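Reading through the structure tokens given below for one structure.
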Amino acid sequence: MDSPEESQLGKPVRYADQYDASLLFPISRAPKREELGLAGAPPFFGADLWTAFELSWLNPRGKPQVAIAHFTVPCETPNIIESKSLKLYLGSYSGTPFASPDEVRHRLRTDLSEAVWRGAPAPATIGVKLLLPELFDQEPVQELDGLNLDRLDIECTDYMPAPQWLKTVAGEPPVEEVLTSNLLKSNCLVTGQPDWGSVQIRYTGAQIDQEGLLRYLVSFRNHNEFHEQCVERIFMDIWRRCKPSRLAVYARYTRRGGLDINPLRTSHPLQLPANTRTARQ
């Protein structure tokens with residue numbers, strides 16, 4: 001499987017305007033999961049929710065069409081798609097005629113499914129939804145629900161992942177709560193460009209020390225990893241150090257290149273959230 005360094009990230013490229021599925025660049029999830037000590041099936045469920053805001057094609061008469069696309073990629077897929085390659089791939093639709101939005105949707109589902117499931121013994125398909133312009137005004141903006149950790153006045157000294165800050169509060173009964181922060185920041189694994197995000201942590205179990213959790217989330221500030229990998233690292237660190245009976249970690253990252261990526265990882269089957277953007281997205 002191709003490595004991130006072999007992708008088009010950080011390299012000059014020619015932007016194609018004729019449909020080209022070969023532009024998609026899958027990257028195996030396995031190496032980063034192995035760094036987390038995960039072998040075989042991971043101890044979580046979930047999906048990566050993508051939104052593509054820059055999708056356009058031509059109708060049979062050559063008139064441009066536009067849409068917003070939502071992609072749902074199960075975390076069980078062996079691969080992610082490198083985001084610049086997805087941008088280039090979507091851009092290749094811009095000068096290509098398609099008979100209908102349904103044909104575009106089918107082509108997107110076929111190509112993206114092949115890329116993310118490549119190498120799997122039982123390939124499946126991903127979810128693809130197109131929103132046409134008449135539905136644009138129905139797209140809501142909503143912040144993540146939960147108690148905002150950012151209200152805490154803390155001193156921050158760690159800017160690389162510091163899981164030692166994660167701990168539970170002794171002597172307190174088990175709780176069920178939802179905590180959020182808008183202070184998540186990491187960097188692209190290859191280019192070092194900043195990735196800004198908001199994160200929601202939903203758990204049941206011994207109460208997690210909130211100041212320590214916020215320090216931990218801030219500590220990703222200079223860390224280089226893709227969005228999906230950061231969320232899996234956060235999930236596993238909390239799962240191992242705080243030992244909740246149930247845990248879900250959901251992050252919404254701001255868009256780059258007309259794309260946002262929003263991973264969810266959960267210890268138990270959970271209905272996927274609506275792919276609703278936050279104000280910063």
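The figures here come from the full heavy-atom set of this structure, side chains too, leaving out hydrogens, waters and symmetry mates. Computed from a predicted structure; not experimentally measured.
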- Any side-chain heavy atom of Cys230 sitting closer than 4.5 Å to one from Tyr253? yes

- Please check if atom CZ in Arg246 has more than 12 non-hydrogen atoms from other residues, nucleotides or ligands closer than 6.0 Å. no

- Flag side-chain contact, heavy atom, 4.5 Å: Ile154 against Arg215: yes

- Does a salt bridge link Glu232 with Lys32, judged by any charged N lying under 4.0 Å from a carboxylate O? no

- Message: Between the side chains of Arg107 and Glu103, is the shortest nitrogen-to-carboxylate-oxygen separation below 4.0 Å, so that they form an ion pair?
- Response: no

- Message: Within the 3.5 Å criterion, strictly below it, is a donor on Arg221 or Ser186 matched to an acceptor on the partner's side chain?
- Response: no

- Query: To the nearest 0.5 Å, how far apart are SG in Cys156 and CH2 in Trp165?
  - Reply: 9.0 Å

- Donor + acceptor pair across side chains of Gln281, Asn262 (<3.5 Å): yes

- Full working for side-chain hydrogen bond (donor to acceptor under 3.5 Å, both in side chains) between Tyr203 and Glu176: CA-CA 6 Å; Tyr203 76 97; Glu176 181 176 352; over 6 Å; no

- Query: So, Asp260 versus Thr254: side-chain donor-acceptor pair below 3.5 Å or not?
  - Reply: no

- Is there side-chain contact between Gln210 and Leu152, with at least one heavy-atom pair below 4.5 Å? yes

- Query: Can we say Asp195 and Arg255 salt-bridge, meaning some charged N sits less than 4.0 Å from an Asp/Glu carboxylate O?
  - Reply: no

- Query: Do Asp20 and Ser22 have side-chain N/O donor and acceptor atoms under 3.5 Å apart?
  - Reply: yes

- What about Val73 and Leu55, same hydrophobic cluster or not, with Ile/Leu/Val/Met/Phe/Trp/Tyr joined at side-chain heavy-atom distances under 4.5 Å? yes

- Task: Evaluate the side-chain proximity of Glu139 to Arg277: yes if any heavy-atom separation is below 4.5 Å, no if none is.
- Result: no

- Item | Qualifying residues under ring-ring contact (aromatic ring centres under 6.0 Å, His included), relative to Tyr250, sequence neighbours excluded | none

- Query: Does the side chain of Ser198 pick up a donor-acceptor pair with the side chain of Arg280 at under 3.5 Å?
  - Reply: yes

- Item | Aromatic plane relationship, Phe98 with Tyr93 - under 30° parallel, 30 to 60° tilted, over 60° perpendicular | parallel

- Message: Closer than 4.0 angstrom, basic N to acidic O: yes or no for Lys87 and Glu54?
- Response: yes

- Is there side-chain contact between Leu144 and Arg252, with heavy atoms separated by less than 4.5 Å? yes

